[in-house]
2 protein chains.
Amino acid sequence: MRITSRGRYAVLAMVDLAKFGSQKPCSLSHVSIRQNISLSYLEQIFNDLKKAELVKSQKGPGGGYILNKDKDKIKILDIFNAIDEKIKTTGCGNNPNAFCSGTNKKCLTHNFWENLEGVIGNYLSTVHLSDLVEEQTLVK
Amino acid sequence: MRITSRGRYAVLAMVDLAKFGSQKPCSLSHVSIRQNISLSYLEQIFNDLKKAELVKSQKGPGGGYILNKDKDKIKILDIFNAIDEKIKTTGCGNNPNAFCSGTNKKCLTHNFWENLEGVIGNYLSTVHLSDLVEEQTLVK
DNA sequence: TAATAACCTACCAAATTAGTCAACTATCTA
DNA sequence: TAGATAGTTGACTAATTTGGTAGGTTATTA
């Protein structure tokens, strides 16, 4: 039960952007330095965030990325979805037509895993980017 | 955010055992067939479950594995812990002395990830093996 | 027009996962 | 007591995922 670095970086970078790029564009090289994340890797991640319309980009000098919505309108779950960080605990991938573990029916634990996904998804829907920007002052 | 097959199999196999092996030993070859899990892989998993004293083993004909506790005393979290299926969302591994992402302090999102771990761990503590054994009659 | 910064594509190495295979040991039963 | 059953252990491996790197192209603006 773990999250990928990609997911962790995406959330971290978005919090950074909410702090430093809510008014004017903020370059990824700055995010890269502040948060210690590889620039090329950030570029890949922001490609996806842009497709999901969570951020806008501006090329050229003085350009960079800027939030496309209010930070209290962006859920952490939105970020997960944007970069395809799946909440996936079932074996069948939640496809209603698929069956678990190669058998001809849902496995004994299917409902349990779906419930767990619900618990996680629900939490990620309640937390917004703005919550993390404010909270970080509490972090040592 | 996903779980490994190992974790999924462990829970599934324990539910199977709770159904078929709460009175007398149940061989892994039977679990293997019923749940469509590789026997050798199950053996590795049950090795860990045994070390954690969630199951007992009995060699020889008529032997197999049997639950070592009441099924309503075994939390899903216990199974996760037994097979070392970690709930790990932070980058620093929750080591209080470690820092996130190579920096000299906790990252902006550290508290958020710890809270998420709490939400998941809490849910896994509330569900017991007995809940899944009963629930499966509802599964199509 | 030079510098900046996003954009795009290909490639790669390490780690993890999900097993397989083979040999061995203990125990029960016929 | 022989043989079948069933757990135990360790080595190995193929496939996938992860976490990048490298290099170039395009757009913008000072």
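A note on names: the letters A, B, ... follow the listed sequences, proteins ahead of strands, and every chain is numbered from 1.
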Item to check | Criterion side chain to side chain contact (heavy atoms under 4.5 Å, CB included) on B/Ile3 and A/Trp113, from CA distance to verdict | outcome: CA-CA 10 Å; B/Ile3 204 172; A/Trp113 297 120; 3.2 Å; yes
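- A/Lys50 comes within 4.0 angstrom of the backbone, heavy atoms only, and of no base.
- Rounded to whole Å, atom P of C/dT17 lies 12 Å from atom CZ of B/Arg8.
- For B/Asn36 and C/dA18, the CG to P distance is 15 Å, given to the nearest whole Å.
- Atoms CD1 (A/Ile45) and P (D/dT21) sit 12 Å apart, rounded to a whole Å.
- One N or O donor and one acceptor, one from the side chain of A/Gln44 and one from the base of D/dT21, sit under 3.5 Å apart.
- Comparing D/dT9, C/dA18, C/dC28 against the side chain of B/Asn47 picks out D/dT9 as the nearest.
- Nearest to the side chain of B/Arg6, among C/dC7, C/dA18, D/dG7, sits C/dA18.
- OP1 and OP2 of C/dC21 both lie 4.0 Å or more from every side-chain N or O belonging to B/Tyr41.
- Using a 4.5 Å cut-off between side-chain heavy atoms of Ile, Leu, Val, Met, Phe, Trp and Tyr, with links allowed through other members, B/Leu12 and B/Tyr41 fall into the same hydrophobic cluster.
- Between A/Tyr65 and C/dC7 there is a side-chain N or O to OP1 or OP2 distance below 4.0 Å.
- Both A/Glu43 and B/Thr4 sit near DNA chain C, but only A/Glu43 has its closest nucleotide nearer the 5' end.
- Residue A/Ser5 places at least one side-chain N or O under 4.0 Å from the OP1 or OP2 atom of D/dG19.
- Side-chain atoms of A/Ser27 and A/Ser29 include a donor-acceptor pair closer than 3.5 Å.
- Residues B/Lys75 and B/Phe80 are not in side-chain contact: their nearest non-hydrogen atoms beyond the backbone lie 4.5 Å or more apart.
- We find that NZ of B/Lys56 is positioned 14 Å from P of D/dT8, with the value rounded to whole Å.
- Residues B/Thr126 and B/Asp131 approach most closely at O-OD2, 3.9 Å, considering heavy atoms.
- If you find the closest nucleotide of DNA chain D to A/Lys59 and to A/Ser38, the one lying nearer the 5' end belongs to A/Ser38.
- Protein atom CD1 of B/Ile83 is 13 Å distant from nucleotide atom C1' of C/dT17, rounded to whole Å.
- If you check C/dT27, C/dT4, D/dA27 against the side chain of A/Pro61, the one that comes closest is C/dT4.
- Looking at the side chain of A/Gln58, the nearest of the listed nucleotides D/dT29, C/dC28, D/dT9 is D/dT29.
- Within 4.0 Å (heavy atoms only), B/Ser40 reaches at least one base atom of the nucleic acid.
- Residue-level contact check: B/Phe46 touches neither bases nor backbone, having no heavy atom under 4.0 Å from any strand.
- Along DNA chain D, the nucleotide nearest B/Cys26 and the nucleotide nearest A/Gly60 are compared for position; the residue whose nucleotide lies closer to the 5' end is B/Cys26.
- Between the P atom of D/dG19 and the OH atom of A/Tyr9 lies a distance of 7 Å, rounded to the nearest Å.
- Spacing between atom CG of A/Leu39 and atom P of C/dA6 amounts to 7 Å, rounded to whole angstrom units.
- An OP1 or OP2 oxygen of C/dC7 is reached within less than 4.0 angstrom by a side-chain nitrogen or oxygen of A/Ser57.
- In this structure, the CD1 atom of B/Ile66 is 15 Å from the P atom of D/dA6, given to the nearest Å.
- Of the inter-residue distances, the one linking A/Met14 atom CE with A/Gln35 atom CD reads 13.0 Å to the nearest 0.5 angstrom.
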